Every structure is written in C-alpha cells, then in structure tokens.
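Data first, discussion second: the structure below is written as structure tokens.
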Amino acid sequence: MADRSENCIFCRIIRGEIPATMVATNDHVVAFRDLDPKAPVHVLVVPREHIASLDDSPDRAVLGAVLALATEVAQMEGLADGYRVVINTGPDGGQTVDHLHAHVLGGRHMAWPPG
Ligand code: DGP
C-alpha cells in the first residue's frame, strides 16, 4: 500500500515539493501562510508527521508542539490585540485537507459564533 502521506498536499509542502511561504519551522512542526487567507494574518501550523485529524489520536506532545508554535507565530506576526486558533475537524468541522493543522488568524476582529 502506498504511503498515505505520498499525495498529501501538506506533506508535499513539508517535503519542499510544493512551494509555500514558510513562517516558522522546528523539528516537529512547520508554519506557512494559507493559500486562501481569511484574515490579514492567516498561517497554518502543521505537524511534520502525517496525522489525518484530531480524530487520528495525535500524540499529546504533537498537539502541544502545534499550539506552542501557533502562539509563537502570533507573537512573531505582532498579533498583540488577539487572534484565533482553529482546528477544523471532519466534514462538519469544515476540514478540507486531511492532515492535522491549526489555523492562526488575526489582524482583524473575529466574529462569534463562527459560520
Ligand atoms: P481546512 O479547511 O481547515 O482543512 O483548511 C485547509 C486550508 O489549507 C485552507 O484554508 C486552504 C489551505 N490550503 C490548501 N491547499 C494549500 C496549498 O497548496 N498551500 C497553502 N499554503 N495552503 C493551502
């Protein structure tokens, strides 16, 4: 069976096969700008390991690394007035790429509840 990460778009970005604007990286997680930004700052924080979603039993250390880099990105991007971190999960959650990722959105006021 083919490696399930072979055709995953975020795995391909991580491997450098598809260009993306990188914002931050470390041994476990990468952060790059969303192709279709929904706010002045819209960065995706993605574990290097292919994990399909929150429902794929991600290791707590991976989840911690994602959230830690999300807050670092928010600081680096100067989001001192606040920001939103979103992890869409499954079809009803609006997940369209099956590789766990957190959206860091900021630079404008965020409405609540989300659509
Ligand atoms: P979600 O709907 O939560 O699964 O978010 C997926 C996000 O991924 C969406 O906001 C658009 C973004 N995206 C999809 N393809 C690419 C790509 O090739 N490059 C980048 N930078 N972002 C992408």
Side-chain angles (χ1 to χ4, degrees):
M1 191 174 84
D3 183 342
R4 64 188 175 147
S5 74
E6 193 178 323
N7 295 313
C8 166
I9 198 151
F10 289 172
C11 288
R12 296 192 67 198
I13 287 172
I14 290 164
R15 288 196 296 265
E17 295 170 8
I18 295 176
T21 305
M22 288 290 166
V23 173
T25 68
N26 63 37
D27 286 349
H28 306 290
V29 196
V30 305
F32 52 85
R33 297 201 189 281
D34 196 291
L35 196 62
D36 182 21
K38 299 295 190 285
V41 173
H42 189 170
V43 174
L44 301 173
V45 181
V46 180
R48 289 183 182 275
E49 180 186 354
H50 182 87
I51 298 164
S53 80
L54 278 183
D55 279 342
D56 205 20
S57 304
D59 190 281
R60 284 173 185 229
V62 171
L63 293 175
V66 168
L67 289 179
L69 194 63
T71 60
E72 281 178 39
V73 165
Q75 287 168 10
M76 288 166 52
E77 296 288 319
L79 303 179
D81 288 337
Y83 56 94
R84 185 167 289 173
V85 177
V86 175
I87 302 179
N88 296 326
T89 304
D92 276 0
Q95 184 175 6
T96 59
V97 176
D98 289 335
H99 182 135
L100 176 65
H101 53 282
H103 299 253
V104 180
L105 297 144
R108 66 167 171 80
H109 182 75
M110 300 290 154
W112 189 262

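Position 1 is the first residue of the sequence, and the numbers go up from there. Worth saying up front: this structure is predicted, and the values here are computed from it rather than measured.
When all heavy atoms of Ala31 and Val73 are compared, the closest pair comes out as CB-CG2, 3.8 Å. Of all heavy-atom pairs spanning Pro58 and Ile51, the tightest one is CB-CG2, 4.1 Å. Taking each heavy atom of Val85 and Ala70 in turn, the nearest pair found is CG2-CB, 4.3 Å. Annotation for Gly106 and Ala39: closest pair O-CB, 3.6 Å, computed over non-hydrogen atoms. When all heavy atoms are compared, the tightest approach of Arg48 to Thr25 is NH2-CB, 3.7 Å.
When the side chain to side chain donor-acceptor pair (under 3.5 Å) test is applied to His99, the partners found at least two apart in sequence or on another chain are His50. The side chain to side chain donor-acceptor pair (under 3.5 Å) check on Asp27 picks up nothing, with sequence neighbours excluded.
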In residues 86-96, what donor-acceptor pairs under 3.5 Å come from side-chain atoms, sequence neighbours left out?
unit_1 : atom_1 : unit_2 : atom_2 : d
Thr89  : OG1    : Ile87  : O      : 3.3
Gln95  : OE1    : Gly90  : N      : 3.0
Gln95  : NE2    : Ala52  : O      : 2.9
Gln95  : NE2    : Val97  : O      : 2.9

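In the hydrophobic clustering of ILVMFWY residues, with side-chain heavy atoms under 4.5 Å counting as a link, Met110 and Val41 come out apart. Residues Val30 and Val43 do not share a hydrophobic cluster, clusters being chains of Ile/Leu/Val/Met/Phe/Trp/Tyr side chains in contact below 4.5 Å. Taken together through direct or relayed side-chain contacts under 4.5 Å among Ile, Leu, Val, Met, Phe, Trp and Tyr, Leu67 and Met76 form part of one hydrophobic cluster.
Counting heavy atoms from C-beta on, the side chains of Val66 and Pro47 come closer than 4.5 Å.
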Practice task
Evaluate the side-chain contact (heavy atoms from CB on, under 4.5 Å) criterion for residues Leu44 and His103: first the C-alpha distance (whole Å), next the side-chain angles of each, then the deciding distance (0.1 Å), finally the verdict.
Solution key: CA-CA 5 Å; Leu44 301 173; His103 299 253; 3.4 Å; yes
Problem - Check against side-chain contact (heavy atoms from CB on, under 4.5 Å), Leu100 and Glu49 - result: CA-CA 9 Å; Leu100 176 65; Glu49 180 186 354; over 6 Å; no
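One finds the CG atom of Asp98 at 13.0 Å from the OG atom of Ser5 (value rounded to the nearest 0.5 Å). One finds the CZ atom of Arg108 at 10.0 Å from the NE2 atom of His42 (value rounded to the nearest 0.5 Å). How far CG of Leu63 is from CG of Leu54: 6.5 Å, rounded to the nearest 0.5 Å. The distance from atom CZ of Arg33 to atom CE of Met22, rounded to the nearest 0.5 Å, is 11.5 Å. Rounding to the nearest 0.5 angstrom, the gap separating the CD1 atom in Ile13 from the OG1 atom in Thr21 is 9.5 Å.
The aromatic rings of Phe32 and Phe10 stand perpendicular to each other, their planes meeting at an angle above 60°, with 30° marking the opposite boundary.
Each of Val29, Val23, Val46 was evaluated against Leu69; a single residue qualifies, Val29, per the side-chain contact (heavy atoms from CB on, under 4.5 Å) test.
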